Chemist: 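One structure is given below, represented as structure tokens, and several questions about it will come after.
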Amino acid sequence: MSVSSPIFCAIDTPDASKALALATQLKGKVGGLKLGLEYIMANGPQGVAPFKEMGVPIFVDVKLHDIPNTVAGAVKSLLPLEPDFITIHTSGGAAMMKAAAQAAATATGKRPRLLGVTVLTSLDANDMTQVGQDPDTSAQVERLALLAKESGLDGIVCSSAEVARLRKVLGPDMVLMVPGIRPAWAAANDQKRIMTPREAMDVGATYLVIGRPITGAQSPAEAADRVNQEIVA
Ligand code: C5P
């Protein structure tokens, strides 16, 4: 994989052979691959191993959320796979995030970086009120992102609309992993508030999660090249 590309390509499929074929095509073109619940539920955590054997950095997007002891145990169970990133729900609280960070620190190989999920972008003010949370979603995102930093997480997954504000609030060192990215030449699909790769990097993103504009292209490798060139142009 390209160490210089900020792209983590979202491999949203349960099909391991399709995922491995994409990984082969994208080797050297992207910074890594994101494997989510759809893939992990179908293939188990061991489904991550072939990618690591290929030397591909992996973002395990499993959004852990449970009592501290259980989340710490889940992080420890993932350590032998040496994922580069693991996601945790920040609404699980400070003790849960601290336990996860302590578990990650016990890694004898590469230590995974832990990324916090704040408010899911599928939730609006009405949904938040229904579950008894602050309907001001941007205030809630900021509160949870700060708590994640204080609790020892390495970064946050956030929408492009939140990047500039979170970069200011969290400082330069927290990783901001940003989905909802669309090059001007790609279809928006179901994404509503989008930014181009270059715009998102300019406002402070560290990494970009890009799926369909690359995975659905005639040539995923060429699409990835095109995005990389746009970012540095
Ligand atoms: O294909 P596309 O580029 O839209 O894929 C984006 C990826 O980022 C998907 O895996 C999606 O689940 C994830 N994601 C998102 N928006 C969020 C959080 C995650 O699109 N707010």
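Counting starts at 1 for both ligands and their atoms, following the listed order. Predicted model only: the values in this text are computed from it and were never measured.
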Chemist: Which distance, rounded to the nearest 0.5 Å, do you find between the CD of Glu82 and the CD1 of Ile58?
Modeler: 12.5 Å

Chemist: Who's touching ligand 1 if we go heavy atoms under 4.0 Å?
Modeler: Ala10, Asp12, Lys34, Thr121, Pro179, Arg182, Gln191, Val209, Ile210, Gly211, Arg212, Pro213

Chemist: Keeping to residues at least two apart or across chains, list the side chain to side chain donor-acceptor pair (under 3.5 Å) pairs with something in residues 83-94.
Modeler: Lys52-Asp84, Asp61-Thr87, Asp84-Lys110

Chemist: Give the intermediate values and the outcome of salt bridge (Lys or Arg N to Asp or Glu O under 4.0 Å) for residues Arg143 and Asp136.
Modeler: CA-CA 11 Å; Arg143 176 190 290 143; Asp136 181 347; over 6 Å; no

Chemist: What pairs of residues pass the ring-ring contact (aromatic ring centres under 6.0 Å, His included) test when at least one of them lies in residues 176-214, not counting sequence neighbours?
Modeler: Phe8-Tyr207, Phe85-Tyr207

Chemist: With rounding to the nearest 0.5 Å, note down the distance linking OG1 in Thr13 to CG in Leu22.
Modeler: 8.5 Å

Chemist: Hey, could you give me each pair passing side chain to side chain donor-acceptor pair (under 3.5 Å) that has a residue in residues 124-133? Not counting sequence neighbours.
Modeler: Gln133-Gln140

